[in-house]
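These notes concern the structure reproduced below.
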Amino acid sequence: MKKLLSLVLALALTLSVGSAALANSDPAMQEIIFALQNEPDGIDPSVTNNSFASPFMANCFEGLVTYDTVTGDLIGGLAESWDISDDGMVYTFHLREGLKWSDGSTLNANDFVYTIQRILKPETTAQYSYLVTDYIAGAEECFAGTGSPEDVGVKALDDNTLEITLKTPAPFFINVLTMWTFSPVNQATIEANGDSWTASADTYVCNGPFMISEINMGESIVLVPNPYYYDADKVKLQKITFRYITDPSTALMAYEAGEIDGSRTIPGSDYNRLRMEGAGVVSVGAYGTVYYNLNCEKAPFDNVLVRKAFNLAVDRTALINDVVQVECEPAYSAVSPGYSVNGEDFTQGRSTFGLSPTADVEAAQAALAEAGYPNGEGFPAVTLSYYSDESVKKVVEALAEMLQTNLNITVNIVNQEWSVYYPDVQAGNYEICAMGWSGDYVHPMTFLSLNVTGNLDNISRYSNPEYDALVEQAKSETDPVKALEIMRQADNLASNEYPTLNLYYKVNSMLMKDYVQGYYLNPTDILYLKNAYVA
């Protein structure tokens, strides 16, 4: 999942070298085929919060700010420059001259105003609406129906000048603006086509380096250069085919046979072999955590001792070494390492909250007994839910076996396709569910917000007024050292109440042939292809 504060994860991408160039490596053919293992639930940047949509959001849209795809630094996107008022409340963005949409129509500051006002309409069902309502003046009231769109702190001062006023200072707000939620959307195509504007290449009007030329539902989406992109001269790839191959092993076979040039997921059992062979394994330091949500509203997980017992019963080392088989660290909190202030990482000196790399069976059983279930007696059968994915399936099966063995309970496993699964877990229709989080931006608030009462992404339905107050206080603290301490207090408070079953901190990895160069996989696990090319 940058500017203003020191960030240790602004890493340049290094490429694995060694796989032989196949037929697709002809430099005259600036085309690649890249396999995705999951189809997103939608590709409307104002609506989706699904990480599976990121290849399209990152390459078909661009917001006010973006990332330098070499250094990882935060740089201007559609905004050439910006000013921040002395009190940190008002951001003034100066847009580049001559911006256009992919259909050739003019793009200006009014498009950002329209986009924010659309997000604030409940009928839009914007999954990331809180990124707007939490920070922008008047936005929360507008969303609730108690304020008007005209009172929201987003104004077009002229065609090339956009002003955003915050409700309180938030020093990391510029980082929040890297989220695709703040990418403008085209009013004309939405008003003409309604929600179906994303269903056809002809109506999918965007503004990034690429545009969609084909949508083959369930099979592929094809991207071609957007001739109206302000930096179009730097775009080299002439065609990108994102092909859906849901089974990572099948995708690997296609990759090794030269049918595709890259794949988003690497089967854990093949990771080390591929790395030793120099077969195009790409690994980047990640800002993300793999955890499973525990439904804090539903018995027996409304009992903190039960949640603690489940966390104690997990052998994280065995999951990492025997199942995931990639180089990553055990997680005891949902907040990933990777954000630092003055060289000090957020997680430095952090407690393990009584947890350990391997299962502490005795302590787990003691916690379960204290909760009223000695030796698992009387504990109801638990359902562990996950979305259809072969890699996730392996983790789920191993996790279920650990919980059953170490707690003497029954764990049933169910799975669904993502399009059914995600709305179910959002609605709280689960007991334990496979989720996790890649930071939207490199700042602890991207994780801490997830446990705030009423947040749309609070899948665990955890609620603690003291925690909510700490998070709110941290958002407006302008001293980064003080903010760090307040955020640590919030993290400690929630982590000691175990709203999630924390497994390990992510390493972002994928497969890409060595003749594909110039791309950027950032710490928040988003793949940028603007500067990619076939060498």
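Here the structure is a predicted model, which is why all the values come from computation and not from measurement. Every heavy atom of this structure was used, including side-chain atoms; hydrogens, water molecules and symmetry mates were not.
- Aromatic ring pairs are classed by plane angle as parallel below 30°, tilted from 30° to 60° and perpendicular above 60°; the pair Tyr67 and Tyr520 is tilted.
- Note that CD of Gln325 and CD1 of Ile320 are 12.0 Å apart. Values are rounded to the nearest 0.5 Å.
- The two residues Ala434 and Tyr386 come nearest to each other via the heavy atoms CB-CB, 3.8 Å.
- At a threshold of 4.0 Å, the pair Lys506-Asp525 does not count as salt-bridged, since none of the basic side-chain nitrogens sits closer than that to a carboxylate oxygen.
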Check the pair Asn508 / Tyr287 against side chain to side chain contact (heavy atoms under 4.5 Å, CB included), numbers first and verdict last. CA-CA 9 Å; Asn508 295 334; Tyr287 195 55; over 6 Å; no

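- Between Thr115 and Ser46, some side-chain heavy-atom pair lies under the 4.5 Å cut-off.
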After noting the C-alpha distance and the side-chain angles of Lys394 and Glu390, does the key distance pass the salt bridge (Lys or Arg N to Asp or Glu O under 4.0 Å) rule? CA-CA 7 Å; Lys394 292 175 182 177; Glu390 285 303 310; over 6 Å; no

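- Tested against Asp457 for a side chain to side chain contact (heavy atoms under 4.5 Å, CB included), the candidates Val452, Leu450, Asn451 yield a single pass: Leu450.
- Looking at Tyr504 and Thr289, their side chains never come closer than 4.5 Å, going by heavy atoms from C-beta outward.
- Side-chain polar atoms of Asn455 and Ser449 form no donor-acceptor pair below 3.5 angstrom.
- Contact check on Arg273 versus Asp270 returns a salt bridge, with a Lys/Arg side-chain nitrogen under 4.0 Å from an Asp/Glu carboxylate oxygen.
- A tilted orientation is assigned to the rings of Tyr135 and Phe173, their planes being inclined by 30° to 60°.
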So Met510 and Leu527, side chain to side chain contact (heavy atoms under 4.5 Å, CB included) or not? Walk me through it. CA-CA 10 Å; Met510 67 178 189; Leu527 177 63; 3.7 Å; yes

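- Note that the CG atom of Leu294 and the CG atom of Leu501 stand 5.5 Å from one another [nearest 0.5 Å].
- A salt bridge does not link Lys393 with Asp247: every distance from a Lys NZ or Arg NE/NH1/NH2 to an Asp or Glu carboxylate oxygen is 4.0 Å or more.
- Between Met512 and Tyr519, some side-chain heavy-atom pair lies under the 4.5 Å cut-off.
- Between the OH atom in Tyr332 and the CG atom in Leu355 there is a gap of 7.5 Å [rounded to 0.5 Å].
- Looking at Val314 and Leu503, their side chains come closer than 4.5 Å, going by heavy atoms from C-beta outward.
- Put simply, CZ on Arg275 and CD1 on Ile266 are 10.0 Å apart, with the number rounded to the nearest 0.5 Å.
- Counted by atom type alone, Ser388 and Asn415 present one or more donor-acceptor pairs between their side chains at under 3.5 Å.
- Interatomic distance, Ile32 CD1 to Thr241 OG1, rounded to the nearest 0.5 Å: 8.5 Å.
- Residues that satisfy the ring pair (Phe, Tyr, Trp, His ring centres under 6.0 Å) test with Tyr244, not counting sequence neighbours, are absent from this structure.
- Using a cut-off of 4.0 Å between Lys/Arg side-chain N and Asp/Glu carboxylate O, Lys167 and Glu140 are scored as salt-bridged.
- Checked options Tyr204, Phe210, Phe56; the residue passing with Phe61 is Tyr204 (criterion: ring pair (Phe, Tyr, Trp, His ring centres under 6.0 Å)).
- Using a 30° and 60° split on the angle between ring planes, Phe93 and Trp82 fall in the tilted class, from 30° to 60°.
- Environment of CD in Glu329: sparse, with no more than 12 heavy atoms of neighbouring residues, nucleotides or ligands closer than 6.0 Å.
- The aromatic rings of Tyr130 and Tyr128 sit perpendicular, their planes meeting at an angle over 60°, well past the 30° parallel limit.
- Residues that satisfy the ring pair (Phe, Tyr, Trp, His ring centres under 6.0 Å) test with Tyr498, not counting sequence neighbours, are absent from this structure.
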What's the verdict on ring pair (Phe, Tyr, Trp, His ring centres under 6.0 Å) for Phe301 and Tyr430, showing C-alpha distance, side-chain angles and the deciding distance? CA-CA 11 Å; Phe301 297 106; Tyr430 78 94; 8.8 Å; no

Walk me through whether Phe52 and Trp418 qualify under ring pair (Phe, Tyr, Trp, His ring centres under 6.0 Å). CA-CA 10 Å; Phe52 302 144; Trp418 177 263; 5.0 Å; yes

